[in-house]
Amino acid sequence: MREVKRFKDNHAVASAFAKYLLSVISSNEVTTIALSGGSTPKLLFKILAEEYADSIPWQKVHFFWGDERCVPPTHEESNYKMTKEFLFDHIGIDPNNIHRVYGESDPEEEAKRYSALISTICHSRQGLPAFDLIILGMGDDGHTASIFPHQMELLDATGNCAVATHPVSGQKRVTLTGPVINNAQEVCFLVTGENKAEKISEIFKDQDSAKAYPASHIHTGKLKWFIDEDAYRLVD
Ligand code: 6PG
């Protein structure tokens, strides 16, 4: 069941989600979280660093990534680098609880290594790792994590992770596969901006065309969409 939480703008989305994160992490013994790249997470990390550095018990969190670009961790496009700069450098977190994708390694080898690591740390349900929380965005082409519309097969792929290719730049990415995303305890989409409005409307109105968008195939039992008015404006 999809739960929709609407807010006036991207800042309100990030603030509301930060508050929600505090409640999730505080109520769990340990929380395994897969992070996302993108503009709204960047804002979220900034808010978490500024307002929640001391109130969230960070030592109870294990951070992973739902997808990573195959670039070194110092590269401008690295999701890890962005998270480090905006969040990790400002909070008390044990480096052993940060599980980055080695974007500098051979992508296929790294997909295997990261798959195994995930299975070691996350608890398992129905033979697959079950993250406590996966944070996702949606691109304006309907992709989520790094599952793009031209690689729908990754929604059913075996293995926890796979190598994906960005449709325009050809950049390789390591991404969680559909079965692992859908096996999470909870998935939260953070979606903001006018350029998402058409796809959001097709998805939320359950139109046939939406089947072509990877984001529409995410259907965990606990599924929340944190969304701003610009992205939601064609739904009503
Ligand atoms: C990535 C992402 C990707 C992102 C969407 C939405 O690393 O590129 O994980 O799936 O979440 O492209 O990005 P925005 O939040 O910037 O719209």
Side-chain angles (χ1 to χ4, degrees), residues 1-2 30-38 41 62-71 73 77-80 97-139 141-189 199 203 206 208-225:
M1 245 290 280
R2 173 199 300 150
V30 172
T31 307
T32 50
I33 301 180
L35 300 170
S36 150
H62 280 270
F63 285 109
F64 293 82
W65 277 263
D67 71 323
E68 179 61 282
R69 295 94 188 264
C70 293
V71 294
E77 288 176 24
S78 161
N79 284 340
Y80 166 75
N97 287 17
I98 301 173
H99 309 286
R100 74 172 180 91
V101 176
Y102 296 162
E104 67 276 32
S105 296
D106 170 75
E108 293 292 346
E109 289 304 316
E110 180 54 14
K112 283 188 209 135
R113 185 198 70 89
Y114 205 58
S115 293
L117 179 70
I118 289 170
S119 293
T120 312
I121 298 173
C122 292
H123 62 263
S124 141
R125 189 173 52 210
Q126 291 159 347
L128 281 176
F131 281 98
D132 293 305
L133 177 62
I134 298 183
I135 302 171
L136 293 176
M138 184 189 78
D141 58 355
H143 82 260
T144 192
S146 277
I147 306 182
F148 294 92
H150 74 289
Q151 290 187 308
M152 295 298 276
E153 69 278 8
L154 297 184
L155 288 166
D156 301 311
T158 51
N160 300 338
C161 299
V163 178
T165 309
H166 189 278
V168 180
S169 65
Q171 181 186 58
K172 298 279 184 213
R173 309 238 176 135
V174 172
T175 186
L176 294 180
T177 55
V180 171
I181 297 176
N182 279 323
N183 199 47
Q185 187 64 32
E186 175 166 13
V187 168
C188 291
F189 274 94
K199 299 284 188 291
I203 292 172
D206 291 318
D208 264 4
S209 55
K211 294 197 180 107
Y213 313 142
S216 76
H217 294 263
I218 306 308
H219 47 68
T220 42
K222 243 177 142 186
L223 175 63
K224 294 192 176 74
W225 288 72

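Hydrogens, waters and symmetry mates play no part in the numbers below; they use all other heavy atoms, side chains included.
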Within-4.5 Å side-chain heavy-atom neighbours: [X] and [Y]:
X	Y	answer
Ile181	Ile147	yes
Phe63	Leu35	yes
His123	Pro129	no
Ser124	Ser119	no
His62	Ile33	no
Val180	Phe131	yes
Ile98	Phe64	no

Is the backbone N or O of [Y] less than 3.5 Å from a side-chain atom of [X], with the two atoms forming a donor-acceptor pair by type?
X	Y	answer
Ser146	Arg173	no
Arg69	Glu77	yes
Asn160	Ser115	yes
His217	Lys211	yes
Tyr102	Pro107	no
Asp132	Glu186	no
Ser216	Ala212	no

Determine which pairs satisfy salt bridge (Lys or Arg N to Asp or Glu O under 4.0 Å) with at least one residue from residues 107-117, sequence neighbours left out, and list them in order. Glu109-Lys112, Glu110-Arg113
Enumerate the salt bridge (Lys or Arg N to Asp or Glu O under 4.0 Å) contacts for residues 148-166, please, sequence neighbours excluded, ordered by first and then second residue. none
Closest non-hydrogen atom pair, [X] against [Y]:
X	Y	value
Ala111	Val163	CB-CG2, 4.1 Å
Ala164	Leu154	CB-CD1, 3.9 Å
Ala34	Gly66	CB-N, 3.9 Å
Thr175	Ala145	OG1-CB, 3.4 Å
Thr177	Gly159	OG1-O, 2.8 Å
Gly170	Thr165	O-CG2, 3.5 Å

Looking at CE of Met1 and CG of Leu223, how far apart are the two atoms once the value is rounded to the nearest 0.5 Å? 9.5 Å
Rounded to the nearest 0.5 Å, what separates atom OH in Tyr114 from atom CD in Glu68? 8.5 Å
State which residues pass salt bridge (Lys or Arg N to Asp or Glu O under 4.0 Å) with [X]; sequence neighbours excluded, sorted by chain then number.
X	value
Lys172	none
Glu104	Arg100
Arg125	none

Do you know which of Asn182, Ile135, Ile218 makes side chain to side chain contact (heavy atoms under 4.5 Å, CB included) with Val187? Ile218
Worked check of side chain to side chain contact (heavy atoms under 4.5 Å, CB included) between Leu136 and Cys188: CA-CA 6 Å; Leu136 293 176; Cys188 291; over 6 Å; no
Can you classify the ring geometry of Phe148 versus His166 as parallel (below 30°), tilted (30 to 60°) or perpendicular (above 60°)? perpendicular
With sequence neighbours left out, write down each residue that passes side-chain contact (heavy atoms from CB on, under 4.5 Å) with Ala215, or none if nothing qualifies. Met138, Thr144, Phe189, Ile203, Trp225
For residues Asp67 and Ser36, is any side-chain donor paired with an opposing acceptor at under 3.5 Å? no
